[in-house]
Number of protein chains: 4
Amino acid sequence: MRSKNDPRSRRRSPTFIEEARRRQIVASAITTIAGSGLAQSSLARIADEVGISKSVISYHFAGKDELIAEVITSLLSESNRVIKSWVDRAPDPTAKLRAYIEGSFAFMIEHRANFVALVDIWGSFGTVEAKRAFNAAAYEPCRRHIESILRKGQDTGEFRQFDRRTLSAVIQGAIDGVMLQWVFEERAVDLADCMAELISMVTMATRTFE
Amino acid sequence: MRSKNDPRSRRRSPTFIEEARRRQIVASAITTIAGSGLAQSSLARIADEVGISKSVISYHFAGKDELIAEVITSLLSESNRVIKSWVDRAPDPTAKLRAYIEGSFAFMIEHRANFVALVDIWGSFGTVEAKRAFNAAAYEPCRRHIESILRKGQDTGEFRQFDRRTLSAVIQGAIDGVMLQWVFEERAVDLADCMAELISMVTMATRTFE
Amino acid sequence: MRSKNDPRSRRRSPTFIEEARRRQIVASAITTIAGSGLAQSSLARIADEVGISKSVISYHFAGKDELIAEVITSLLSESNRVIKSWVDRAPDPTAKLRAYIEGSFAFMIEHRANFVALVDIWGSFGTVEAKRAFNAAAYEPCRRHIESILRKGQDTGEFRQFDRRTLSAVIQGAIDGVMLQWVFEERAVDLADCMAELISMVTMATRTFE
Amino acid sequence: MRSKNDPRSRRRSPTFIEEARRRQIVASAITTIAGSGLAQSSLARIADEVGISKSVISYHFAGKDELIAEVITSLLSESNRVIKSWVDRAPDPTAKLRAYIEGSFAFMIEHRANFVALVDIWGSFGTVEAKRAFNAAAYEPCRRHIESILRKGQDTGEFRQFDRRTLSAVIQGAIDGVMLQWVFEERAVDLADCMAELISMVTMATRTFE
DNA sequence: CATGAATGAGCCTTCATTCAT
DNA sequence: CATGAATGAAGGCTCATTCAT
């Protein structure tokens, strides 16, 4: 019975301390998953990492699924926020497109564990629905973001005409694909070089030919 | 206790029937993983899929790890083989580079389940060593393959000078990144369009400017 | 993953209730082993005997090995404690030696199940190391105890000169060997008679000849 | 259906080759059990030791139980045969009693593996019936043998009057108990010294006082 | 006679979850 | 808010045994 004592059903806004606990647990979950893999990250281990009892997690989250869901949300939103701030600071579409890529790589470098965890988690969706939901939450917004930049560029005439959706998918794909190789072996790829190369390719792909 | 009584340790070449069983089990494992996720693919479920007893898997494989390892090998080698055949049939570096991309996408389309399974599996490496090993088995050979094509192109003067390793990583990354989006939601991206766009970008990125 | 969430790794002294559970489980394990043999004493059966879920054992013990180890410790220490108390109450070496034997047999009679279980367990050490460890834990202390009594007797001149280590091994061996026959068939030997005979033999073997 | 093709139900006396196989398997079982413990001695392992297929054992023995039963029989009969030959060669009761002990220890030293295996197996009888059967097969004959020697000695007046059954149990017990310590740790006891001490004790216990 | 193949029962263990305190 | 205790479901694995060849 969900009562006043169950934080998961409270009408009141969550206590400050409650929010803090949730964030603390989510953060520890990310660390644990990045360090040992999702399969090895039992609630007990995550709780250990925080130094709390296993039951505390059950108290603050409806279950493991909810915790992982919040981990994903945290992973994605943090990244999106940073990238958006890079893009917003750029003056024009050309710069914004460049900023999108730069922001993406910059965030990667600063938060390696996030991506190691993400790669582990994103493979764990058993059902088609879960996969679809992840696409809707993770990829669709990213592609839309890139598309909006591309549209502006086409509107201003900086970019030539091309299918925005397709190019968005390829750009985002290249970023993710390079990230993936870097997750598996940090020294396998040089992120800075790849970023520069990708920017160069994208620049050529979008510019108007004279 | 690998011995005469253990089919997994035979010195001589495996029986025909045994090889068939192993392939059958691996194939079923791929289907199951693609359909329900690695975490839900217990040996019992995989065995059910084949219509055999759970023990049969234990009889032919040392354990789940060995089975999954063989699944990975199967997934990667089949893909590499097909791509290689596309590349080998192409007459010159420019065509080969194009063929690498075309072959990659063609294989994807023909074997969606393989990639759905692969994305699930590749996130399941808990340790740094396992991740590193996957990189060595999966990515390094691909990048090397692309690099060798690029080198030939530079040697013949068809391609301009650029860092081959970096470009290889970006090309392979773009292929994988697009594939990833398609794995999560089949209709989110149009593989044919993405392939064409990627080929166009790569063509521009490699060609000599006059 | 021994941690805060694992009762088996607590830094502080174990809860009263926890200690009680452990003792209860150990006691049940002894009963089960004595009744059905070690090989038939699965955790499930032992748990049934206590009337608890199988998982409770896993919760309180790291595994079956730890449980069996504690069973052994319990078996040996209880016996040693009782024998020691008999010996300590005896006034002189001659009486002490007699008390050692009497205490041993008295404890046997009172705790038949312990010895039935012990005989089953002591054969279960597969490796040389495990056997050696059992010797160190079970036999060496007993022989040492007897040796110390013998030494005192020699010091006081009550006993003649002989090799203490050898006689200790033979005395302990005779006690165990008679116990063994009694474990296999309770009515095959009369413990009281055997005890008397053994005491008589030992008395003759140690006494000074005039 | 037990037919002519089933060696376990054949009326004809077993083939020579069949007997050889059985003995070979039994011998390997002893080695395996002595080396790794009964629990680790699966039919597969034993078969490996012989270099045959697991099914061969099933073919020659009704099951694992029958194999172990034959192992026990082999272990006991071999020992008894040797001891008997020592005793038979001795001229009088005093010498025979001494020979019984000497033969026992001599056989131990020559066949350590047999006893390591025996100690492992004798603990594996789960039911009271099995224990009782082992007593009847293993101990009762030994005690009877000693008793018969003792009786002869009393008849001839070499030995004083005492309860033969009790002394038999103690003598056999001492032999087994020393053996037990030696099984767990070969260097814990000196068999020769123990044998000498035991002979001395038994001599004193039986001789007529003047 | 021998063997490869298959099977099902049972075992130990892990883990998310529930509940009383 | 937090925790210790308990639970049941599920998983991977071992093994004696059966059967067709």
Side-chain angles (χ1 to χ4, degrees), chain A residues 1 5-7 15 17-18 21 39-47 52-67, chain B residues 1 4-7 10 14-18 20-21 39-47 52-67, chain C residues 1 4-7 10 14-15 17-18 20-21 39-47 52-67, chain D residues 5-7 15 17-18 21 39-47 52-67:
Chain A
M1 64 185 133
N5 280 319
D6 189 331
T15 315
I17 192 169
E18 218 173 273
R21 259 279 192 258
Q40 304 304 323
S41 298
S42 64
L43 290 189
R45 261 184 97 143
I46 295 172
I52 59 177
S53 164
K54 204 170 49 166
S55 315
V56 180
I57 298 182
S58 293
Y59 181 74
H60 287 283
F61 294 89
K64 194 180 191 183
D65 287 353
E66 190 183 290
L67 170 58
Chain B
M1 162 213 14
K4 217 187 150 206
N5 281 299
D6 189 331
R10 211 187 318 276
T15 316
F16 169 76
I17 189 169
E18 194 191 315
R21 260 278 189 263
Q40 305 303 323
S41 298
S42 62
L43 291 188
R45 267 182 94 143
I46 296 172
I52 57 176
S53 163
K54 199 171 52 167
S55 320
V56 180
I57 299 182
S58 292
Y59 180 71
H60 288 284
F61 294 88
K64 197 182 190 182
D65 286 354
E66 189 181 289
L67 171 57
Chain C
M1 168 210 12
K4 219 187 148 209
N5 281 298
D6 190 330
R10 212 184 320 272
T15 316
I17 189 170
E18 195 191 315
R21 259 277 190 263
Q40 304 304 321
S41 299
S42 62
L43 292 188
R45 265 183 95 143
I46 296 171
I52 57 176
S53 162
K54 200 172 50 169
S55 320
V56 180
I57 299 182
S58 291
Y59 180 70
H60 289 283
F61 294 88
K64 196 181 190 182
D65 287 353
E66 189 182 290
L67 171 58
Chain D
N5 279 319
D6 188 333
T15 316
I17 192 170
E18 216 173 274
R21 260 278 192 259
Q40 304 304 321
S41 299
S42 63
L43 292 187
R45 262 184 96 143
I46 295 171
I52 58 176
S53 163
K54 203 170 50 166
S55 315
V56 180
I57 299 182
S58 293
Y59 182 75
H60 287 283
F61 294 88
K64 194 179 190 182
D65 287 353
E66 190 182 291
L67 170 58

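In what follows, chains carry the letters A, B, and so on, assigned in the order in which the sequence lines appear, proteins first and then strands, with residues in each chain numbered from 1.
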Nearest whole angstrom, please: distance from the [atom2] of [N] to the [atom1] of [X].
X: B/Asp6; N: F/dC15; atom1: CG; atom2: C1'; answer: 13 Å
X: C/Glu18; N: F/dT3; atom1: CD; atom2: P; answer: 16 Å
X: B/Ile52; N: F/dC19; atom1: CD1; atom2: P; answer: 20 Å
X: B/Lys54; N: F/dC15; atom1: NZ; atom2: P; answer: 15 Å
X: D/Arg21; N: E/dC1; atom1: CZ; atom2: C1'; answer: 9 Å
X: C/Tyr59; N: E/dT17; atom1: OH; atom2: C1'; answer: 13 Å
X: B/Leu67; N: F/dG11; atom1: CG; atom2: P; answer: 15 Å
X: C/Asn5; N: F/dA2; atom1: CG; atom2: P; answer: 14 Å

Discussion item. Can you work out whether A/Lys64 or C/Arg45 has the more 5'-proximal nearest nucleotide on DNA chain E?
Written reply: C/Arg45
Worksheet entry | Nearest-nucleotide 5' precedence on DNA chain E, D/Val56 against C/Ala44 | D/Val56
Fill in: Residues that C/Ala20 engages under side-chain contact (heavy atoms from CB on, under 4.5 Å), provided they are two or more places apart
none
Item to complete: Return the set of residues passing side-chain contact (heavy atoms from CB on, under 4.5 Å) with A/Ser55 (not counting sequence neighbours), or none when no residue passes.
Response: A/Ser53
Which atom names give the shortest non-hydrogen contact between [X] and [Y], and what distance separates them?
X: B/Arg45; Y: B/Gln40; answer: CD-O, 2.9 Å
X: C/His60; Y: C/Glu66; answer: O-OE2, 4.1 Å
X: D/Ile57; Y: D/Leu43; answer: CD1-O, 3.7 Å
X: C/Asn5; Y: A/Lys54; answer: OD1-N, 2.6 Å
X: B/Ser41; Y: B/Ile46; answer: O-CD1, 3.8 Å

Side chain of [X], heavy atoms from C-beta onward: which of [options] has the nearest atom to it?
X: D/Ser55; options: F/dA6, E/dT3, E/dT18; answer: E/dT3
X: A/Ser58; options: F/dA16, E/dA5, E/dT18; answer: E/dT18
X: B/Pro7; options: E/dT13, E/dA5, E/dA16; answer: E/dA5

Discussion item. For the C1' atoms, the ones on E/dC1 and on F/dT21, what distance do you get once it is rounded to whole angstrom?
Written reply: 12 Å
Practice prompt. Please state whether the phosphate of F/dA6, meaning OP1 or OP2, lies under 4.0 angstrom from any side-chain nitrogen or oxygen of C/His60.
Written response: yes
Worksheet item: When the C1' atoms of the five terminal pairs at each end define the local axes, what inter-axis angle does the helix from E/dA2-F/dT21 to E/dT21-F/dA2 show, to 10 degrees?
Response: 20°
Worksheet item: Taking the nucleotide of DNA chain F with the closest heavy atom to each, which residue, B/Gln40 or C/Ser53, is nearer the 5' end?
Response: C/Ser53
